[in-house]
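Numbering of residues begins at 1 and proceeds along the displayed sequence. Counting starts at 1 for both ligands and their atoms, following the listed order.
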Amino acid sequence: MNILITGVTKGIGLALTKEFVRRGDRVFGVARTLSRLKDLEKKYSQSFIPLNYDISLEENIDKIFKYLEENSIKIDILINNAGIGALGKFQDISLADNQRVINLNILSLVNMAHKFLNYKKYDKFTGIINISSTGAFQVGGPYFATYYGTKSFVSSFTNSLITENPQTKEKDFRIMGVYPGPTSTEFVGMKDEKSFYIMDSQKVASIIIDDFFKGKDICIPGVFNKFLVILGKFIPRKLELKLLEKIQLKKIKKI
Ligand SMILES: NC(=O)c1ccc[n+]([C@@H]2O[C@H](COP(=O)([O-])OP(=O)(O)OC[C@H]3O[C@@H](n4cnc5c(N)ncnc54)[C@H](OP(=O)(O)O)[C@@H]3O)[C@@H](O)[C@H]2O)c1
């Protein structure tokens, strides 16, 4: 299969790339850091095609699909993984940085999904995996406000696409939302974090792929994260916000 993944140079995107290549699939990997893309190309040769683009710019998404079209490349699965966050009190983070989070986590994801679903070079089987966060199940995210807002958007948007694109005789649509909890990556506030509940990115990637091919439309990697999502339904709103505030303030102090 041909898999188009955004954000392949680090973290969950890199782990997904390794896992798909190991399965014998071919990854078209998008990211901004050319040196890391070149390393992946060297390591995986024909199985990895680097696409060196900043997808927060719409014209770059056009270029990606133009390249695929011109080379008659059929993409089976799109994984919208690239995402960023900005930790801090909302008004103390520059407007530009808040906008960067919204541009990548929402606008680019919507653009990629729209271009992909209108792209003719896929067969009967089409898949989209959108990476949200367990934060989308929570009532908010003090000191990570814009990020949490974007992940709630991804959840709502993905659930709508799942319903709008049912499986038909002509097309096997599989759209899945992924809700990772804390995962050991270079993501803001996560670098060097160590705790029993922080998951390994490679483990997260293998759960995502397993769940997707089992036909699930929601993937919450890890038993502890599933438990927290359920527990969250029973915690009063203000208490939940206070707990989340504490967690984010602790992260800010460490940065
Ligand atoms: N880690 C966690 O605890 C956690 C928890 C819940 C959800 N998530 C979600 O999981 C996804 C992956 O996160 P991660 O932890 O793996 O993050 P990460 O380690 O920071 O990796 C992010 C990836 O996105 C790429 N990227 C960033 N901006 C980009 C842009 N403008 N254009 C193209 N690529 C871009 C980065 O590559 P370049 O810098 O080379 O462009 C990198 O490969 C995100 O959507 C995040 O919100 C993470």
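Only the backbone of Val8 comes within 4.0 Å of ligand 1, judged by heavy-atom distances. Of all the heavy atoms of Met190, the ones lying under 4.0 Å from any atom of ligand 1 belong exclusively to the side chain. With a 4.0 Å heavy-atom cut-off, ligand 1 is reached by the backbone of Ala31 and by its side chain too. Residue contacts with ligand 1 for Arg36 are absent, since no atom lies close enough (heavy atoms, distance under 4.0 Å). In Ser184, neither the side chain nor the backbone holds a heavy atom less than 4.0 Å from any atom of ligand 1. Contacts of Tyr53 with ligand 1, taken as heavy-atom pairs under 4.0 Å, involve the backbone alone.
Looking at Pro180, Pro182, Gly13 and measuring to atom 6 (C) of ligand 1, the nearest heavy atom belongs to Pro180. Of the candidates Ile61, Ile5, Leu34, Ile55, the one placing a heavy atom closest to atom 32 (N) of ligand 1 is Ile55. Nearest residue to atom 3 (O) of ligand 1 from Thr183, Thr150, Asn60 is Thr183 (criterion: closest heavy atom).
Of the charged side-chain nitrogens involved, none lies within less than 4.0 Å of a carboxylate oxygen, so that Asp210 and Lys216 do not count as a salt-bridged pair. One finds a salt bridge joining Glu245 and Lys242 here, because a Lys/Arg side-chain nitrogen approaches an Asp/Glu carboxylate oxygen to under 4.0 Å. For Asp39 and Lys42, the salt-bridge test fails: no basic side-chain N is under 4.0 Å from an acidic carboxylate O. Taking a cutoff of 4.0 Å between a charged side-chain nitrogen and a carboxylate oxygen, Arg22 and Glu19 qualify as a salt bridge.
Remark: ligand 1 and Ile12 share an N or O pair separated by less than 3.5 Å (distance only, no angle test). For a threshold of 3.5 Å applied to N or O pairs, the pair formed by Ser133 and ligand 1 contains no separation below that value. The shortest N or O to N or O distance between Thr134 and ligand 1 is not under 3.5 Å.
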*Residue pair Asn130, Thr158: steps toward the side-chain hydrogen bond (donor to acceptor under 3.5 Å, both in side chains) verdict*: CA-CA 7 Å; Asn130 286 335; Thr158 306; 3.0 Å; yes
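Of all atoms in ligand 1, numbered sequentially from 1 with element shown, those under 4.0 Å from a heavy atom of Ser132 are 7 (C), 9 (C). Under a 4.0 Å criterion applied to the non-hydrogen atoms of Thr9, ligand 1 contributes the atoms 36 (C), 37 (O), 38 (P), 40 (O), 42 (C), 43 (O). Applying the 4.0 Å criterion to heavy atoms of Thr33 picks out, from ligand 1, the atoms 38 (P), 39 (O), 40 (O). Every atom of ligand 1 with a heavy atom of Gly83 under 4.0 Å away is listed here by number and element: 44 (C), 45 (O). Heavy-atom proximity to Asn81, at under 4.0 Å, picks out these atoms of ligand 1: 11 (C), 12 (C), 44 (C), 45 (O). Applying the 4.0 Å criterion to heavy atoms of Ile131 picks out, from ligand 1, the atoms 9 (C), 10 (O), 11 (C). Residue contact check: Asp54 has heavy atoms under 4.0 Å from atoms 30 (C), 31 (N), 32 (N) of ligand 1. Close approach of ligand 1 to Gly11 (heavy-atom distance below 4.0 Å) involves ligand atoms 16 (O), 19 (O).
Hydrophobic clustering of Ile, Leu, Val, Met, Phe, Trp and Tyr side chains at less than 4.5 Å, counting indirect connections, keeps Tyr148 apart from Leu241.
In this pair, Phe224 and Tyr197 present their aromatic rings parallel. The plane angle is below 30°, not in the 30 to 60° band. The aromatic rings of Phe157 and Phe153 sit parallel, their planes meeting at an angle under 30°, below the 60° perpendicular limit.
A donor and an acceptor atom, one from each side chain of Asn103 and Ser56, are nowhere located under 3.5 Å apart.
The shell of residues lying under 4.0 angstrom from ligand 1, judged by heavy atoms, excludes Gly135. Within the 4.0 Å heavy-atom cutoff, Thr6 does not count among the residues contacting ligand 1.
When the shell of 6.0 Å around CD of Gln46 is examined, it contains 12 or fewer heavy atoms from other residues, nucleotides or ligands.
For the atom pair Ser201 OG and Lys18 NZ, the distance stands at 7.0 Å (nearest 0.5 Å).
Atom 19 (O) of ligand 1 has its closest protein heavy atom at Glu186 N, 3.3 Å.
Between the side chain of Ser133 and the backbone N or O of Ala136 there is no donor-acceptor pair closer than 3.5 Å.
A ring-centre distance under 6.0 Å is found for Tyr147 and Phe187.
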